[in-house]
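Here is how names work: the chains are called A, B, and so on, in the same order as the sequence lines, proteins then strands, and each is numbered from 1.
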Number of protein chains: 2
Amino acid sequence: MGVTAEEATDDVFRALADPRRRQILRLVAQEELAAGEIAGAFDVTRTAVSQHLSVLRSADLLTERRDGTRRLYRANPDRIADLRAALDELWASSLDLGRRLVEADRAAGGDAQGGVR
Amino acid sequence: MGVTAEEATDDVFRALADPRRRQILRLVAQEELAAGEIAGAFDVTRTAVSQHLSVLRSADLLTERRDGTRRLYRANPDRIADLRAALDELWASSLDLGRRLVEADRAAGGDAQGGVR
DNA sequence: CTTCTCTGTCAGTTGTCGCTAACGTTAGCG
DNA sequence: CGCTAACGTTAGCGACAACTGACAGAGAAG
């Protein structure tokens, strides 16, 4: 247990904060790609892409597989599922509030106008 | 439609990148709170919290309601649902790959060790 | 062994982010 | 009207993040 769940979540959110990294993730979600192929899809230097890959790997959002000198990357479904779970923590709470408001409206004989808005 | 979906998604992810903002969001997910009450829950200045609220509001992650001089904030479930949908775009693709790998393992007579890992 | 390809890593620079302190604004109270 | 309370906004500063260019290492090819 080197890292707490909070730290892991923080790494994931921070990795996803950059638009380019999200695009990279979308790229390797469908198929396994080499670092060079990924870099070729962007206007920035291969160095920059390599660093982005490093960030994504640190957050455990990517899995790496070596084939000769090439390194093939692929999105890690487990981490995405974890992120989804972390998001549900917020979502469930908000949903609870929404339900509570609707119920309060009904109990108070609220009009049909949708008083929440 | 002043903003594209990409820009909106970018705002949301960038807003969620900061741990404090996620904590704020968790705070106002369960109940509606005033800016001062939210600020009181942290060690930083009210100015800092106000700026965080501004960022969250720009991403449309918060709804604001005024009561005298006070401003009451609440998490916006719609945006969280949107984020969930944006995440599913990645998740579905990764899941497809995961399924494909498992099937490939079975077709190749892979051992029961769970080859995906 | 030499050369070429593919890739990660290391300084250095520029931009962006989060924080604080001072100020401006709006609403309630005497 | 004068005063206070609750906020948002601006300017300035330190810290971090993203990008570029130069360098180093591993594997394939001759």
Undergrad: Nearest whole Å is fine: how far is C:dG28 P from B:Arg71 CZ?
TA: 13 Å
Undergrad: Charged N to carboxylate O under 4.0 angstrom, B:Arg26 versus A:Glu6?
TA: yes
Undergrad: Look at the side-chain N and O atoms of B:Arg70 and state whether any lies under 4.0 Å from the OP1 or OP2 oxygen of C:dG28.
TA: no
Undergrad: For the pair made of CD in A:Glu64 and C1' in D:dA26, what is the distance, rounded to whole Å?
TA: 13 Å
Undergrad: Is it true that the side chains of A:His52 and A:Arg21 contain a donor and an acceptor less than 3.5 Å apart?
TA: yes
Undergrad: D:dA17 pairs with which nucleotide, Watson-Crick or G-U wobble, both distances below 3.5 Å?
TA: C:dT14
Undergrad: Can you measure B:Arg14 atom CZ to D:dC16 atom C1' for me and round it to whole angstrom units?
TA: 15 Å
Undergrad: At under 4.0 Å between heavy atoms, what does A:Arg66 touch on the DNA or RNA strands: base, sugar-phosphate, or nothing?
TA: nothing
Undergrad: Would a single hydrophobic cluster contain both A:Leu53 and A:Val55, if residues Ile, Leu, Val, Met, Phe, Trp and Tyr are joined by side-chain heavy-atom contacts under 4.5 Å?
TA: no
Undergrad: How would you label the contact of B:Ala34 with the nucleic acid (heavy atoms, under 4.0 Å): base, sugar-phosphate, or nothing?
TA: sugar-phosphate
Undergrad: At under 4.0 Å between heavy atoms, what does B:Ala17 touch on the DNA or RNA strands: base, sugar-phosphate, or nothing?
TA: nothing
Undergrad: Expressed in angstrom and rounded to an integer, what is the separation of A:Arg57 atom CZ from C:dG8 atom C1'?
TA: 8 Å
Undergrad: Using whole Å, report how far CG of B:Leu72 lies from P of C:dA27.
TA: 15 Å
Undergrad: Is it the case that the side chain of B:Arg74 and the backbone of B:Glu32 share a donor-acceptor pair, with hydrogens and angles ignored and the cut-off at 3.5 Å?
TA: no
Undergrad: D:dG8, OP1 or OP2 - any side-chain N/O from B:Tyr73 closer than 4.0 Å?
TA: yes
Undergrad: What's touching nucleotides 19-25 of chain D from the protein side, N or O pairs under 3.5 Å?
TA:
from   : atom 1 : to      : atom 2 : distance (Å)
D:dC19 : OP1    : A:Arg20 : NE     : 2.8
D:dC19 : OP1    : A:Arg20 : NH2    : 3.3
D:dC19 : OP2    : A:His52 : NE2    : 2.3
D:dT20 : OP2    : A:Thr45 : N      : 2.8
D:dT20 : OP2    : A:Thr45 : OG1    : 2.4
D:dT20 : O5'    : A:Thr45 : OG1    : 3.0

Undergrad: Can you name the residues that form a salt bridge (charged side-chain N to carboxylate O under 4.0 Å, His left out) with A:Arg22, not counting sequence neighbours?
TA: B:Asp10
Undergrad: Could you name each residue pair satisfying salt bridge (charged side-chain N to carboxylate O under 4.0 Å, His left out) that touches residues 39-58 of chain A, not counting sequence neighbours?
TA: A:Arg57-A:Glu64
Undergrad: Within this structure, what is the CG-to-C1' distance between B:Leu53 and D:dA6, rounded to whole angstrom?
TA: 13 Å
Undergrad: Report the distance from atom CG of A:Asp11 to atom C1' of D:dA17, rounded to the nearest whole Å.
TA: 14 Å
Undergrad: What integer distance in Å separates A:Asp10:CG from C:dG18:P?
TA: 12 Å
Undergrad: Is the shortest heavy-atom distance from the side chain of A:Leu61 to the side chain of A:Leu16 under 4.5 Å?
TA: yes
